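Structure record follows, encoded as structure tokens.
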Amino acid sequence: MPYDPSAIEPKWQRAWAEARVAEVDVTAPGQKFYMLNMFPYPSGDLHVGHGRNYILGDALYRYFRMRGRVALNPMGWDAFGLPAENAAIKRRIHPREWTRGNIGRMKAQFDRWGILYDWSKELASCDPEYYRWNQWLFIQLYKRGLAYRGKAPVNWCPTDQTVLANEQVVDGRCERCGTVVVQRELEQWFLKITDYADRLDAGLDNLEHWPDKVKTMQRNWIGRSVGADVEFQVPSLGKPIRIFTTRPDTIYGATFMVLAPEHPDVAALVADHPERAAIEQWIAGVRNQSNLERQEAGKEGRFTGKYAVNPFTNEEIPIWLGNFVLMQYGTGAIMAVPGHDERDFDFANQYGLDVRRVVEGGELPYVDKEAGVAVNSPLIDGLTSAKAIARMIDEIERRGIGKKMVRYRLRDWLISRQRYWGTPIPMLYCGACGIVPVPEDQLPVELPVDVAFTGREGNPLAKDDRFVNATCPQCGGQARRETDTMDTFVDSSWYFLRFVTPRDSTKIFDTSLVNRWLPVDQYIGGIEHAILHLLYARFVTRVLHDMGLVAFEEPFARLFNQGMITKVGYRDPNANMMWIPFADIEMRDGDAIRKENGSKLIPELAKMSKSQFNVVPPDELIARYGADTERVYTLFIAPPEKEAEWSDEGVVGAYRFLGRVWRQGEELAAGRMSGGANGERVIRKMHQTIDAVTRRMERFEFNTTISFLMELSNAIGEHLAGGGDLAPAREAYTALLQMLHPFAPHITEELWAMLGHSGMVLKSRWPSADPALMQEDVVTIVVQVNGKLRGQIEVANPPEEKRVFEAVDANEKVQQWLAGRQIVKRIYVPGKLVNVVVK
RNA sequence: GCGAAAGUGGCGGAAUUGGCAGACGCGCUGGACUUAGGAUCCAGUGGCCCAAAGCCGUGCGGGUUCGAGUCCCGCCUUUCGCACCA
């Protein structure tokens with residue numbers, strides 16, 4: 001019978017489901033392994049690019065099971081969010097129905113890929129039984145002072161009609177829709193992640209098994225800086241202005257001061273300025289600009305006409321306003337040291353301000369913090385910068401004009417969203433009592449189902465009187481319900497804890513079971529979550545730790561970021577570089593021509609995406625080659641952390657490989673061979689392969705793992721073609737099926753049964769290699785003399801050092817080369833080659 | 001601009017970490033089987049050379065070493081991250 005994946009794959013998918021092989025009793029004994037793929041947003045259909053992520057996780061899960069671990073591999077849905085609501089507006093379907101439909105399609109797709117999840121632990125963040133605990137968590141944060149309502153300039157996306165977290169603004173634009181974000185002064189809910197900045201930064205040092213890249217990105221985002229706050233007296237104000245600097249050693253070079261236009265002392269400073277109106281107009285203009293626009297405008301400033309006193313030189317230095325000084329960082333005021341800071345240098349040159357050298361080293365502006373030596377700075381002259389900084393901080397503290405200070409770039413997490421499809425923030429506003437949390441026994445605050453989605457005039461919740469009107473639980477009076485919902489990153493900041501006891505209706509999770517199963521042993525997901533999700537999850541885990549609910553501070557022991565799959569798409573240079581669907585393209589002499597207007601199109605490699613018309617839908621692929629082929633190809637194509645280009649031709653290589661494995665299985669099952677060559681060679685290859693594959697599985701080197709399995713299959717094929725003994729071939733083949741199982745689960749189960757093995761491969765024990773049987777019986781040894789002469793001899797097993805040299809010395813050809821020369825050194829590389837070094 | 005990673009056949013990529021460069025696969029060439037082949041199977045495939053012998057080959061230029069894709073120094077290129085954070 002030919003290899004027919006469409007006949008065997010559904011059969012085994014049913015068998016696994018019926019046997020509930022993936023269901024885990026979380027109280028069962030054994031060494032646990034918690035495998036987790038980041039839960040997806042249910043956006044609809046999955047393509048082969050998404051598949052890589054889940055296939056990777058499934059292969060690893062199956063491997064760890066076979067290694068004897070009690071492995072948990074749950075899946076759920078990050079089901080709140082904007083696209084569902086946009087679909088509701090556009091297509092008049094309720095976000096809940098839209099989301100449910102997508103979940104159904106995605107689950108079916110996971111099944112077709114042969115991915116084993118413990119569906120008894122499925123959860124969806126839009127389920128009231130889930131978001132109830134989201135609300136509970138919010139109230140705990142509120143009670144601990146970690147959730148607060150504050151007025152602040154926030155990022156507002158005019159297209160999505162909601163505020164965004166800083167993390168969701170990329171290059172000044174909305175991460176989701178690309179619209180330029182504007183600043184608005186609004187009252188919103190924040191989570192106090194800044195309280196944990198130091199611990200979140202320090203904790204990165206312990207994450208040995210996280211990619212350095214992710215750790216660096218988090219470190220940059222947290223932006224820890226050590227320096228000092230220093231007060232500069234301002235006689236005309238009658239009080240000092242406080243600045244923050246990381247370079248107190250350069251304070252003698254501070255020749256002016258710059259304040260952010262929003263700085264609270266600005267009004268008083270310019271009150272009697274002769275051109276006050278013009279300055280205020282300039283300030284208003286800058287305040288209206290986003291950070292992006294300010295940067296594009298270049299450095300601009302205005303002199304206030306007032307002076308501050310440099311506390312170390314006692315000189316009066318001018319106070320300027322500058323568009324490049326940010327109110328949100330530090331104190332909103334800086335001492336400008338144009339000799340040793342590029343921004344200050346540019347500003348000074350632009351406005352003709354003094355530039356003074358206080359660090360000897362290189363050309364101005366000289367900013368090196370390591371190599372420089374202080375000059376023109378009486379207290380610290382001759383000290384290297386590092387020592388000078390420490391000395392100056394001591395002096396600043398001694399004089400009582402400031403203190404050592406650690407500051408962070410990280411800001412509090414803005415979680416209010418003016419949208420419907422999210423977890424309602426469980427808060428009430430009472431005229432008498434103020435802000436009151438919803439009592440825990442009244443949770444969840446459920447989203448009303450029948451609301452109108454118009455897409456205009458903001459959040460539909462705010463217009464629903466039945467939702468808004470509430471009773472104050474403290475005084476019984478009239479109260480108004482909060483109508484903002486939570487950022488969906490709150491939902492995903494703790495879901496991995498809920499998977500252990502997803503149906504518990506009495507508490508958020510079971511502490512002792514969570515302490516048993518967490519941290520997650522292997523977390524897999526895209527690099528796009530390097531900052532947002534992973535930082536929030538680390539933050540929330542620490543809060544839960546401080547509440548005594550979990551024993552650990554880091555939720556994910558190992559993190560792996562798979563690379564994305566790309567494919568060529570075509571763009572029309574004559575139509576604003578629009579992406580063109582393949583159906584509208586004609587290939588002529590290797591060029592892609594757009595049928596509609598004859599434009600020669602530009603091919604471009606891009607991430608698979610509907611908008612670029614380069615997705616490969618798995619259905620057709622599976623219909624033709626089967627899911628096992630897609631799985632093997634996807635993992636073989638490139639190292640999993642790398643970006644990989646999808647190639648339709650490449651797929652057949654995987655298919656042929658499985659076809660060969662299939663035929664070998666049939667041949668072995670028929671048992672036609674007998675007598676002939678012995679099987680030492682194929683057994684040795686088997687042990688070598690087990691060793692290599694086992695070593696590589698845990699390092700995610702799946703591409704080379706599969707190539708080793710192909711080699712083993714080739715060796716078995718040669719053995720059979722040579723009329724070799726059946727028994728060793730069967731032994732090697734059995735090991736091949738086991739090792740191939742994580743990659744091609746269906747075909748291996750079928751062949752396993754065909755060969756008469758009992759049970760499932762999935763439940764079999766991963767084979768182990770015998771080092772004694774791995775060694776080659778004959779090794780080829782290359783003899784090099786001074787790197788010039790060269791010869792090959794064969795040395796019989798075992799190739800230990802002494803024997804090798806005996807064989808080399810006894811070799812006639814080598815003796816000729818060595819004649820009359822003095823041997824200086826012999827270098828022996830086990831199993832490989834020998835160098836004889838002569839004078 | 002700053003920081004990190006990476007440059008190996010026509011292509012994706014190997015090389016047990018200083019020891020036979022190009023495993024494995026795609027593609028290509030030839031053959032087999034076929035009414036047919038964009039299916040399948042077999043063989044070949046880094047370059048120079050009809051072939052053999054031989055020589056040359058891991059971005060470029062130096063260096064260390066008996067020996068360098070791998071280590072060191074200096075360039076070039078690409079990708080990613082950060083980018084007024086004082």
Side-chain angles (χ1 to χ4, degrees), chain A residues 2-3 171 211-214 216-217 219-225 227 243-247 250 254 258 260 291-292 294-299 322-326 328-337 340-344 346-347 367 407-411 527 530-531 563 632-633 636-639 641-657 659-660 663 688 691-692 695-696 701 703-714 717 721 779-782 784-790 792 824-839:
Chain A
Y3 169 43
D171 294 335
D212 288 335
K213 189 180 172 181
V214 174
T216 304
M217 284 167 75
R219 233 173 238 123
N220 289 342
W221 188 262
I222 296 165
R224 183 176 194 268
S225 292
I243 60 98
F244 172 67
T245 179
T246 56
R247 295 296 302 274
T250 63
V258 190
N291 284 346
L292 190 69
R294 288 190 199 189
Q295 260 185 69
E296 280 166 358
K299 288 193 176 50
N323 66 346
F324 68 103
V325 176
L326 305 172
Q328 303 96 310
Y329 184 77
T331 61
I334 62 162
M335 68 172 197
V337 185
H340 306 287
D341 182 283
E342 276 176 39
R343 296 153 299 181
D344 300 350
D346 290 346
F347 194 79
V367 297
R407 289 194 181 270
Y408 302 90
R409 182 181 177 275
L410 184 71
R411 286 176 230 150
I527 187 77
I531 297 173
V632 169
Y633 174 67
F636 178 66
I637 181 171
E641 71 279 7
K642 275 195 65 170
E643 201 173 88
E645 188 189 344
W646 185 267
S647 140
D648 293 323
E649 298 87 51
V651 175
V652 305
Y655 184 65
R656 283 181 200 144
F657 165 56
R660 267 201 306 280
R663 281 194 302 281
Q688 286 170 344
D691 182 61
R695 235 187 265 268
R696 281 155 196 268
E701 294 172 11
N703 56 326
T704 53
T705 294
I706 292 170
S707 77
F708 277 107
L709 296 177
M710 288 172 169
E711 283 190 55
L712 177 58
S713 162
N714 291 344
V779 279
T780 304
I781 291 178
V782 180
Q784 297 177 1
V785 181
N786 277 357
K788 283 180 185 171
L789 302 174
R790 199 179 285 188
Q792 286 197 345
V824 176
K825 192 159 70 160
R826 292 161 180 274
I827 299 152
Y828 168 70
V829 181
K832 273 278 164 114
L833 58 93
V834 62
N835 277 272
V836 180
V837 183
V838 301
K839 242 201 288 208

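Computed from a predicted model, the values in this text were never measured in an experiment. Sequence lines set the chain letters: A, B, ... in the order given, protein chains first and strands last, and positions in each chain run from 1.
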N-glycosidic conformation, U17(B) - syn within 90 degrees of 0, else anti: syn
In G9(B), glycosidic geometry as syn within 90° of 0 or anti otherwise: syn
Rounded to whole Å, please give me the gap between [atom1] in [X] and [atom2] in [N].
| X | N | atom1 | atom2 | answer |
| --- | --- | --- | --- | --- |
| F636(A) | C11(B) | CZ | C1' | 13 Å |
| Y633(A) | C26(B) | OH | C1' | 8 Å |
| W646(A) | C26(B) | CH2 | C1' | 13 Å |
| E645(A) | G10(B) | CD | P | 17 Å |
| R247(A) | C84(B) | CZ | P | 20 Å |
| D341(A) | C84(B) | CG | C1' | 9 Å |
| K213(A) | G3(B) | NZ | C1' | 13 Å |
| I527(A) | C80(B) | CD1 | C1' | 9 Å |

Sugar-phosphate, base or nothing in reach of [X], heavy atoms under 4.0 Å:
| X | answer |
| --- | --- |
| L326(A) | base |
| P639(A) | sugar-phosphate |
| N703(A) | sugar-phosphate |
| V325(A) | base |
| T216(A) | nothing |
| N714(A) | sugar-phosphate |
| E711(A) | sugar-phosphate |

Just how far is it from atom [atom1] of [X] to atom [atom2] of [Y], taken to the nearest 0.5 Å?
| X | Y | atom1 | atom2 | answer |
| --- | --- | --- | --- | --- |
| I706(A) | Y633(A) | CD1 | OH | 11.5 Å |
| D341(A) | T246(A) | CG | OG1 | 8.5 Å |
| I243(A) | I334(A) | CD1 | CD1 | 8.5 Å |

Aromatic F324(A) / basic K299(A) pairing, under 6.0 angstrom, 45° off normal: yes
Ring-face cation of R224(A) near Y408(A) (centre distance under 6.0 Å, axis angle within 45°): no
Given the [atom1] atoms of [N] and [M], what is the spacing between them in whole Å?
| N | M | atom1 | result |
| --- | --- | --- | --- |
| G69(B) | C75(B) | P | 23 Å |
| C60(B) | G7(B) | P | 13 Å |
| G62(B) | A23(B) | P | 30 Å |
| C55(B) | C72(B) | C1' | 29 Å |
| A21(B) | G46(B) | P | 14 Å |
| C48(B) | C11(B) | P | 15 Å |
| G44(B) | G59(B) | P | 29 Å |
| C26(B) | C20(B) | C1' | 25 Å |

T216(A) (side chain) donor-acceptor with D212(A) (main chain) under 3.5 angstrom: yes
Side-chain donor or acceptor of N323(A) paired with backbone N/O of G298(A) under 3.5 Å: yes
Full working for side-chain contact (heavy atoms from CB on, under 4.5 Å) between I637(A) and N703(A): CA-CA 7 Å; I637(A) 181 171; N703(A) 56 326; over 6 Å; no
Considering only side-chain heavy atoms of [X], which listed nucleotide, [options], is closest?
| X | options | result |
| --- | --- | --- |
| I637(A) | C84(B), G12(B), G81(B) | G12(B) |
| M710(A) | A86(B), C24(B), A15(B) | C24(B) |
| N220(A) | G12(B), G81(B), A86(B) | G81(B) |

Contact nearer the 5' end of RNA chain B, comparing E643(A) with A654(A): E643(A)
Contact nearer the 5' end of RNA chain B, comparing N323(A) with E342(A): E342(A)
Over 12 non-hydrogen atoms of neighbours within 6.0 angstrom of CD in E342(A): no
Distance-only side-chain donor-acceptor flag, T705(A) / R696(A), under 3.5 Å: no
F636(A)/M710(A) under side-chain contact (heavy atoms from CB on, under 4.5 Å): CA gap, chis, key distance, verdict: CA-CA 11 Å; F636(A) 178 66; M710(A) 288 172 169; 4.0 Å; yes
Presence of R294(A) side-chain N/O under 4.0 Å of A83(B) phosphate oxygens OP1/OP2: no
Presence of K642(A) side-chain N/O under 4.0 Å of G13(B) phosphate oxygens OP1/OP2: yes
Base-contact (B) and sugar-phosphate-only (S) positions in nucleotides 32-44 of chain B, heavy-atom cut-off under 4.0 Å, - elsewhere: --------SS---
Stepwise side-chain contact (heavy atoms from CB on, under 4.5 Å) check, R407(A) with Y329(A): CA-CA 8 Å; R407(A) 289 194 181 270; Y329(A) 184 77; 4.1 Å; yes
Dot-bracket line, read 5' to 3' along RNA chain B, where crossing pairs take [ ] and | marks a partner on another strand, Watson-Crick or G-U under 3.5 Å: (((((((..(((......[....)))((((((.......))))))(((.....)))..(((((..]....))))))))))))....
